[in-house]
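Step one of this worksheet: look at the structure below.
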There are 2 protein chains.
Amino acid sequence: MTVQDIRSFNRFYTNVIGALDYGRHLYAPYTLTESRVLYELAHAPRTDAADLRTQLHLDAGYLSRILNKFEEDGLVERGPSKTDPRRRRISLTERGREAAALLDERARETVGAMLDTVRAEDRPRLAEALRTVRTLLGEGRAPRPEDVVLRDPVPGDLGWIVQRNAALYAAEYGFNLEYEGLVARIVAEYAEDHDPHLERTWIAELDGRPVGCVMVVRDDVPGAARLRLLLVEPDARGLGIGDRLVGAVVAFAREAGYREVVLWTNDILAAARRIYQRHGFVLVGEKPHRSFGQDLVGQDWRLDLLATPE
Amino acid sequence: MTVQDIRSFNRFYTNVIGALDYGRHLYAPYTLTESRVLYELAHAPRTDAADLRTQLHLDAGYLSRILNKFEEDGLVERGPSKTDPRRRRISLTERGREAAALLDERARETVGAMLDTVRAEDRPRLAEALRTVRTLLGEGRAPRPEDVVLRDPVPGDLGWIVQRNAALYAAEYGFNLEYEGLVARIVAEYAEDHDPHLERTWIAELDGRPVGCVMVVRDDVPGAARLRLLLVEPDARGLGIGDRLVGAVVAFAREAGYREVVLWTNDILAAARRIYQRHGFVLVGEKPHRSFGQDLVGQDWRLDLLATPE
DNA sequence: CCCGATGTTTGACTCAGTCAGAGATTCCCG
DNA sequence: CGGGAATCTCTGACTGAGTCAAACATCGGG
């Protein structure tokens, strides 16, 4: 049950943060809240008091007093805001910047000490996990199409294609090991021998994580390119990734001088079908078969590149 | 830079926790600290005050007063500890259990509401990421050998084998795409057709994450089993996983009636070689070759099952 | 048996954070 | 354009979470 997971993580992480400040020397001579204000000011040097209040969720009176203290200590200067005379423009003085830098340095050291307890080979996994938590929990500005990049595969990506194809179709449609074997064979043949001018694979990457793929290879029929292994992760669907992948294949096939693009798929894959249709593919044949432990209806689709100029 | 990542994650997660308690109704009529004490008591019904102090890092005087209040409200009873009369044994009353349950319910609801903002298909990734952060950060009781289980592959695991083999050997030894193709072909052949009595694959799993694998298949030589694709993730090495995987292969081969186990490896893989030697394999031949973009020395190893009875 | 360490309690205190009200100004609506 | 509601900032008055020190009891090791 995930609610339990989160709650126990909350308890855990509260301890982590508490342990960082063990002995309360971290923020001295300021309080945690004062430090947060200082941090905010240092990273957005010209802010109004109202901005601080909303960003740090502070009580107006409390903040006012904190700024009083900072002003007495010569850390900030208060001036009128240009846009609205009710507001006060707060800016750090040189001393204020120094104080912020000192706190920053202390925090960096403390966190660094904690990070030293993590084995170097584990750190990338940690960074990845932190990013995942952040993007999924609220900070999740929903990913936008322009965050997705198409790139060539690097070592391991072909394995990723096998893994995700097998795991996803097993979960969604109950495909068995036979399917994983088929995908593995396709990528094996591609890896062992392919002509980069005529055959290619793309990985769609979102925030550094692969979320989609497609492959195009020469078909047995001369002049025909075959599109294979189109896949988009469920949590990355709706961003037009499938469209871009198929678009890349079609453009590449045209460029490489193919006369047509063909592909084989199954009727249960409705979302993929719509993508193919949008790119001008037409259904040229259907045939039931039993594969991957399921009764399926295979479909052959075809895009005539000569009939549909760019 | 990872220190920055952690610090910004800390700020982020402090906000997350703060947002959960927005309006401060979460713990009413208790304070956060009181709630934590109550929670601790509810989950370890008979604890001494000293245990609470160390576990929650509380000031002794503060805790004493909190317990006073709880006792006045009839939530706890204080008695002498059996083992040490200086200590006080704290136990929840029925009312105390009810109060704890109420707080628990509220927390569950609040966290549940937050979780609802996460798309269902993203939740497994979130849970996985939280677990990773926890195990890597301090809660990292170093993994012990008994945390590792060997299991059969599930859909996606063969792809994982391809992915990790390719990525690791590319990073450590500069192997190129050719190697990924070789691994993909091996798993493809295995997936397409294998006799479960004579051929098998194991995945080593640590805390629900695959960290190692090995495969055994029939060799061309009659009566010989071939060990392939032995791999252990770098961050899981030193737990004897490689040993257990090879041990599983040897035991299986013996059981299945093979007369010998053979394998092919390369001289640069020193750690693997030691494992093979420990299990009685002997080097029967060496031959330089150029593969995977590197100059290598291939080695054939052999374990005679008849000469080395169980 | 003595001495330092540990466990608990109470008194006295600090200071982070809240609440309400006042004065200045802007924004919105008729 | 005028007036009322809302916004921004500040101060006074307060609450209450958490700390520190002292006192007393008991344990454990030499």
Side-chain angles (χ1 to χ4, degrees), chain A residues 14-15 17-19 21-41 46-73 76-91 103, chain B residues 14-15 17-19 21-38 40-41 46-73 76-91:
Chain A
T14 304
N15 276 337
I17 292 177
D21 187 25
Y22 196 67
R24 265 138 240 99
H25 65 294
L26 241 193
Y27 309 113
Y30 305 102
T31 84
L32 167 61
T33 311
E34 287 169 342
S35 300
R36 291 172 64 207
V37 173
L38 215 46
Y39 180 92
E40 200 63 35
L41 285 170
R46 246 174 264 129
T47 21
D48 293 350
D51 302 333
L52 289 174
R53 254 183 38 221
T54 54
Q55 284 192 25
L56 302 177
H57 296 103
L58 290 181
D59 174 81
Y62 188 26
L63 175 62
S64 177
R65 248 177 285 263
I66 288 176
L67 292 175
N68 276 348
K69 182 180 166 193
F70 281 176
E71 207 173 20
E72 279 166 27
D73 293 358
V76 305
E77 280 168 355
R78 281 197 260 210
S81 164
K82 299 256 160 64
T83 64
D84 180 344
R86 289 172 306 178
R87 304 176 129 233
R88 298 273 246 147
R89 152 79 41 99
I90 315 294
S91 52
L103 290 180
Chain B
T14 304
N15 276 337
I17 292 178
D21 187 25
Y22 196 66
R24 266 138 241 95
H25 66 294
L26 240 194
Y27 309 112
Y30 306 101
T31 86
L32 167 61
T33 311
E34 286 169 343
S35 301
R36 293 207 298 152
V37 173
L38 215 45
E40 199 64 35
L41 285 170
R46 246 173 264 130
T47 22
D48 294 350
D51 301 333
L52 290 173
R53 255 181 39 221
T54 55
Q55 284 193 24
L56 302 177
H57 295 103
L58 291 181
D59 175 80
Y62 187 26
L63 175 62
S64 177
R65 246 178 286 265
I66 289 176
L67 293 175
N68 275 349
K69 183 180 166 194
F70 282 176
E71 205 172 21
E72 279 166 27
D73 294 356
V76 305
E77 281 167 355
R78 282 198 259 210
S81 165
K82 299 256 159 64
T83 64
D84 180 344
R86 290 172 305 179
R87 302 177 131 231
R88 298 273 246 148
R89 151 82 39 100
I90 315 294
S91 50

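Throughout, protein chains are lettered first and strands after them, A, B, ... in sequence-line order, and every chain is numbered starting at 1. These numbers come from the heavy atoms of this one structure, side chains and all, not from hydrogens, waters or symmetry mates.
- With C:dT9, C:dA16, D:dC10 as the candidates, the nucleotide lying closest to the side chain of A:Tyr62 is C:dA16.
- A:Phe70 has its ring centre less than 6.0 Å from the ring centre of A:Tyr30.
- A donor and an acceptor atom never sit less than 3.5 Å apart when one is taken from the side chain of B:Arg65 and the other from the base of D:dG16.
- The distance from atom CG of A:Leu52 to atom P of D:dT9 is 9 Å, rounded to the nearest whole Å.
- Side-chain nitrogen and oxygen atoms of A:Asn68 include at least one within less than 4.0 Å of the OP1 or OP2 phosphate oxygen of D:dT11.
- For A:Ala50, the side-chain atoms get nearest to D:dC8 when compared with the rest of C:dG7, D:dC8, C:dA16.
- Residue A:Ser64 places its side chain closer to D:dC10 than to any other of C:dT26, C:dT18, D:dC10.
- Under the rule for a side-chain hydrogen bond (donor to acceptor under 3.5 Å, both in side chains), A:Arg65 has no partner lying at least two apart in sequence or in another chain.
- In this structure, of D:dT19, C:dT18, C:dT26, it is D:dT19 that holds the atom nearest to the side chain of B:Asp59.
- For the atom pair OG1 of B:Thr14 and CG of A:Leu32, the computed distance is 7.5 Å after rounding to the nearest 0.5 Å.
- Atoms CG (A:Leu56) and P (C:dT18) sit 13 Å apart, rounded to a whole Å.
- For residues 25-38 of chain B, every residue pair satisfying the salt bridge (Lys or Arg N to Asp or Glu O under 4.0 Å) rule, not counting sequence neighbours, is listed here: B:Glu34-B:Lys69.
- Spacing between atom OH of B:Tyr30 and atom C1' of D:dG16 amounts to 17 Å, rounded to whole angstrom units.
- Annotation for B:Thr54 and B:Asp51: closest pair OG1-O, 3.0 Å, computed over non-hydrogen atoms.
- Put simply, CG on B:Leu63 is 14 Å from C1' on D:dT19, counting in whole angstrom units.
- Judged by distance alone, with hydrogens and angles left aside, A:Arg88 brings no side-chain donor or acceptor close enough to the base of D:dT9 to form a pair under 3.5 Å.
- Closest-nucleotide positions on DNA chain C for B:Ala60 and A:Thr83 were compared, and the one nearer the 5' end corresponds to B:Ala60.
- Across the protein-nucleic acid pair, B:Arg53 atom CZ and C:dT9 atom C1' stand 12 Å apart, rounded to whole Å.
- For a distance-only test at 3.5 Å, the side chain of B:Arg86 fails to qualify as a donor-acceptor partner of the base of C:dT8.
- Between B:Asp48 atom CG and B:Thr83 atom OG1 the span is 6.0 Å, to the nearest 0.5 Å.
- Between B:Asp59 and B:Arg53, no side-chain nitrogen of the basic residue sits less than 4.0 Å from a carboxylate oxygen of the acidic one, so the salt-bridge criterion is not met.
- Under 4.0 angstrom from either OP1 or OP2 of D:dC8 there lies no side-chain N or O belonging to A:Ser81.
- Between the P atom of C:dT8 and the CD atom of B:Glu71 lies a distance of 13 Å, rounded to the nearest Å.
- The CD1 atom of B:Ile90 sits 7.0 Å away from atom CG of B:Leu52, with the distance rounded to the nearest 0.5 Å.
- Across the protein-nucleic acid pair, B:Asp84 atom CG and D:dC27 atom P stand 6 Å apart, rounded to whole Å.
- For the helix from C:dC1-D:dG30 to C:dG30-D:dC1, the angle separating the two terminal helix axes comes to 30°, with each axis derived from five pairs and the value rounded to 10°.
- Between B:Lys82 atom NZ and D:dT26 atom C1' the separation is 18 Å, expressed in whole Å.
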